[in-house]
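Notes for the one structure printed next.
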Amino acid sequence: MQLKKWFNLGMASLAVSATIGTAAFAQESKEYSVSTVLGDAYPWGQMAEKWAELVKERSDGRITLKVYPNAQLVSGDQTKEFSAMRSGLIDMAVGSTINWSPQVPEVNLFSLPFLMPDNAAVDAITQGEAGETVFKAIEKRGVIPLAWGENGFREISNSKQAISMPADLKGMKIRVVGSPLFLDTFNALGANPTQMSWADAMPALTTGAVDGQENPLSVFSAARAERANQKYLSLWHYMNDPLIFGVSERVWKIFNEEDQVMLKQAAYDAGQWGIEKSRSELEETLAQIRERGVEVNELTPEQHQAFVDATKGVYDKWIPRIGKELVETAQKAIAER
Ligand code: X2X
């Protein structure tokens, strides 16, 4: 009797621990959605895939990140990605500061025209105090930022003529992303900016509904923008578009500390891998674009200054929205880079 009782108890506790084990496993082996705008033909999508690969490997398959490109989880409306992460529609994202800027005013810092002249300037922001402030602002709004990635310096292309002075942009219809700062920049330059999602951009360029667009060289090249009438490409490096690996706060809390550390480290590694890869491929990408018959021009220091002068008003309007202290911290870090 005693023995039987002991045996029953033993079986019961075994059953309980098996249930707990299964529950814990079921919870941790869940699949999580990762939103991106661009797929794996682009460095952006490749960074997200790399993150998924590293997480799978380092969690021994317990944690699966499934990448959904083309902003499909928000029906292509890329500026809704951040809100969708907050509301529970999306678990994670490798997102652009541009697309998150309607919900996080501080990330407009990166869209201030001609703020960052080179890669070292980008790194001075993201790796310093300004970057920390931006991450805190994102976290305050319900998304845990884990690491930086990069979409790259955005260059301008069009179907009409080389752009080397603001006057060359006069009246030109330029597709811009759905972030209000871009309208101000292009209006200040005398252009005629039109906001539309990436999904609509290529068709609009192909039909001639718009004349030009601005995107990093990797995007121009992989999208074969020259087939969409983009015959002129002007390297004005007017802004850099960092990417951020982020997790909805609600989802972040599901993971134990060990997995949180692993997810963050994997995001960092994928981001670094992607940043190095896109920066080192840039020259080759530019050579390919030239080979396809695109006319490429660069700005002289005087021409560059004309663009800087023409867009000063954008700073006056946006510094109070971004935060004076944050902009000054970033400018100081750039000056001391
Ligand atoms: O829409 C764009 O231009 C893109 C793909 O670069 C972004 O999502 C910011």
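As the structure lists them, so they are numbered: ligands from 1, and atoms in each ligand from 1. Computed over heavy atoms, backbone and side chain alike; hydrogens, waters and symmetry mates excluded. Counting begins at 1 with the first residue of the sequence.
- Only the side chain of D241 comes within 4.0 Å of ligand 1, judged by heavy-atom distances.
- When only non-hydrogen protein atoms are considered, atom 4 (C) of ligand 1 lies nearest to N215 OD1, 3.7 Å.
- Among all non-hydrogen protein atoms, the one lying nearest atom 8 (O) of ligand 1 is N99 ND2, 2.9 Å.
- In the hydrophobic clustering, where aliphatic and aromatic side chains (Ile, Leu, Val, Met, Phe, Trp, Tyr) are joined below 4.5 Å either directly or transitively, L217 groups with F220, L233, L235, L282, L286, I289, V294, V296.
- Numbered from 1 in the order shown, with element, the atoms of ligand 1 that lie under 4.0 Å from a heavy atom of V37 read 5 (C), 8 (O).
- Here's the thing with R175: one of its N/O atoms is less than 3.5 angstrom from an N/O atom of ligand 1.
- Remark: ligand 1 atoms within the under-4.0 Å shell around heavy atoms of N151 are 6 (O).
- Between the CG atom in N119 and the CZ atom in R279 there is a gap of 3.5 Å [rounded to 0.5 Å].
- Contact check on E249 versus R141 returns no salt bridge, with no Lys/Arg side-chain nitrogen under 4.0 Å from an Asp/Glu carboxylate oxygen.
- Those atoms of ligand 1 with a heavy atom of S96 less than 4.0 angstrom away are 9 (C).
- Applying the salt bridge (charged side-chain N to carboxylate O under 4.0 Å, His left out) test to residues at least two apart or on different chains, none of the pairs has a partner in residues 124-133.
- Aromatic ring orientation, F114 versus F307: tilted (interplanar angle from 30° to 60°).
- Figure legend: K317 and Y315 shown without cation-pi pairing, the cationic atom not lying both under 6.0 angstrom from the six-membered ring centre and within 45 degrees of its axis.
- Within ligand 1, the atoms closer than 4.0 Å to a non-hydrogen atom of R154 are 2 (C), 3 (O), 6 (O), 9 (C), numbered from 1 in the order shown.
- Residue, atom and distance of the protein heavy atom nearest to atom 1 (O) of ligand 1 are Q78 NE2, 2.8 Å.
- Atoms of ligand 1 found under 4.0 Å from any heavy atom of W44 (numbered from 1 in listed order, with element): 5 (C), 7 (C), 8 (O).
- Within the 4.5 Å cutoff, no side-chain heavy atoms of W273 are placed close to those of L54.
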